[in-house]
Visitor: 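Here's a structure for you.
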Amino acid sequence: MKLDDSKPIFQQIKEYIEDMIINETLTIEERVPSTNEFAKHYKINPATAAKGINELVDEGIIYKKRGVGMFVTEQAKEIVFQKRKSAFVTNYITPMKQEAAKLGLSYEDLVEMVTKEEEHNEN
């Protein structure tokens with residue numbers, strides 16, 4: 001992971017851990033890198049890393065084993081998947097449908113456009 005200025009660092013750390021869960025780099029009951037490990041590796045304040053990790057705890061994606069570290073919950077992958085799916089609708093599908101309506105495009109038009117784009121990418 002490379003940190004950039006596109007969004008807050010704690011958010012990037014949070015999304016990085018979510019990505020590792022989605023692609024199964026981190027699996028159920030596996031230990032998550034600590035705030036100090038993130039801080040040392042990325043040369044950031046441990047509190048910044050902790051903010052991202054704490055949000056994942058609040059969402060039920062990871063949990064703390066006292067004195068041992070943070071670990072991936074059984075439901076983590078499904079929680080992240082549902083959260084990302086909802087964000088996808090909000091960030092991409094809804095605006096696409098709104099723009100399509102402005103252009104007078106029907107649902108069938110959209111399906112055709114997506115299908116053509118997919119076929120184009122396969123070639």
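All values derive from a computational prediction rather than experimental measurement.
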Visitor: Count the heavy atoms of every other residue, nucleotide or ligand shown that sit under 6.0 Å from CG of D5, and state whether that count exceeds 12.
Guide: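 No, because the 6.0 Å sphere around CG of D5 holds 12 heavy atoms or fewer from other groups.
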Visitor: What I want to find out is whether K116 reaches E112 closely enough, with some N-O distance under 4.0 Å, to be called a salt bridge.
Guide: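 Salt bridge flag = yes for E112 with K116.
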Visitor: Using 0.5 Å steps for rounding, measure from the CD atom of E24 to the OG1 atom of T27.
Guide: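 These two atoms lie 7.5 Å from each other.
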Visitor: To the nearest 0.5 Å, how far apart are OG1 in T25 and CE in M20?
Guide: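 CE of M20 is found 7.0 Å from OG1 of T25.
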Visitor: Listed by chain and number, what are the side-chain contact (heavy atoms from CB on, under 4.5 Å) partners of E74, not counting sequence neighbours?
Guide: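 If we apply the side-chain contact (heavy atoms from CB on, under 4.5 Å) test to E74, skipping adjacent residues, the hits are I28.
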Visitor: Starting from F81, can I reach I61 by hopping between I/L/V/M/F/W/Y residues whose side chains sit under 4.5 Å apart?
Guide: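 Cluster IDs for I61 and F81 match.
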Visitor: Taking T73 for the side chain and G60 for the main chain, is one N or O donor matched with an acceptor at less than 3.5 Å?
Guide: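 Here the side-chain-to-backbone pair exists.
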Visitor: Give me the ring orientation class for F38 and Y16: parallel if the planes are under 30° apart, tilted from 30 to 60°, perpendicular past 60°.
Guide: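 Ring orientation, 0 to 90° scale: perpendicular.
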Visitor: What distance separates I62 CD1 from I21 CD1, expressed to the nearest 0.5 Å?
Guide: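 The CD1 atom of I62 sits 7.0 Å away from the CD1 atom of I21.
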Visitor: Rounded to the nearest 0.5 Å, what's the gap from CD1 on I53 to NZ on K64? Could you check?
Guide: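 Those atoms lie 10.5 Å apart.
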Visitor: Under a 4.0 Å N-O cut-off, is there an ion pair linking K77 with E18?
Guide: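 Here K77 does not pair with E18 in a salt bridge, since their nearest N and O are not under 4.0 Å apart.
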Visitor: If only atom types and distance count, is the side chain of T48 paired as donor or acceptor with the main-chain N or O of I44 below 3.5 Å?
Guide: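 It does not hold such a pair.
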Visitor: Salt-bridge test for K14 and D19: reply yes if a basic N is under 4.0 Å from a carboxylate O, no otherwise.
Guide: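 Not counted as a salt bridge, because no side-chain N and carboxylate O are separated by less than 4.0 Å.
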Visitor: Whether the side chain of E37 engages the backbone of S34 through a donor-acceptor N/O pair (distance < 3.5 Å, no angle test) should be reported.
Guide: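 Yes.
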Visitor: Between I9 and I13, does a side-chain contact (heavy atoms from CB on, under 4.5 Å) hold up when you go through it step by step?
Guide: CA-CA 6 Å; I9 292 172; I13 288 171; 3.9 Å; yes
Visitor: Treat each ILVMFWY residue as a node, draw an edge where side-chain heavy atoms are under 4.5 Å apart, and state whether Y92 and V89 are in one component.
Guide: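 Yes, one cluster joins them.
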Visitor: Please check if V80 and V32 belong to a single hydrophobic cluster, counting links between Ile, Leu, Val, Met, Phe, Trp and Tyr side chain heavy atoms closer than 4.5 Å.
Guide: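 Both belong to a single hydrophobic cluster.
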Visitor: Any non-hydrogen side-chain atom of T115 less than 4.5 Å from a side-chain atom of V111?
Guide: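 Side chain of T115 against side chain of V111, heavy atoms only: contact under 4.5 Å found.
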Visitor: Any chance NZ of K65 has more than 12 other-residue heavy atoms, nucleotides or ligands included, within less than 6.0 Å?
Guide: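 Yes - once you tally the heavy atoms of other residues, nucleotides and ligands closer than 6.0 Å, there are more than 12.
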Visitor: Any donor-acceptor pair under 3.5 Å linking the side chain of E29 with the backbone of F71?
Guide: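 Checked: no pair found.
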Visitor: May I ask you to decide if A49's main-chain N or O and T35's side chain share a donor-acceptor pair within less than 3.5 Å?
Guide: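 Not a single qualifying donor-acceptor pair exists.
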Visitor: Assess whether a salt bridge exists between E78 and K83, defined as any Lys/Arg side-chain N lying under 4.0 Å from an Asp/Glu carboxylate O.
Guide: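 The answer is no: the pair does not qualify as a salt bridge.
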Visitor: Quick one: closest heavy-atom pair of R84 and E15, and the distance?
Guide: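 So the two residues come closest at NH2-O, 3.3 Å.
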Visitor: What's the spacing between N91 CG and S86 OG if we round to 0.5 Å?
Guide: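 Rounded to the nearest 0.5 Å, the CG-OG separation comes to 9.0 Å.
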Visitor: I'd like to know if V57 and L26 are part of one continuous hydrophobic network [Ile/Leu/Val/Met/Phe/Trp/Tyr, side-chain heavy atoms within less than 4.5 Å].
Guide: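 Linked, L26 and V57 end up in one cluster.
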Visitor: Is there a donor-acceptor pair under 3.5 Å between the side chain of E30 and the backbone N or O of V72?
Guide: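 Answer holds: no.
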Visitor: Run M70 and Y63 through side-chain contact (heavy atoms from CB on, under 4.5 Å) and show every step you take.
Guide: CA-CA 5 Å; M70 299 290 193; Y63 70 98; over 6 Å; no
Visitor: If I take atom NZ from residue K43 and atom CG from residue L3, how far apart are they, to the nearest 0.5 angstrom?
Guide: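 Spacing of NZ (K43) from CG (L3) equals 11.0 Å.
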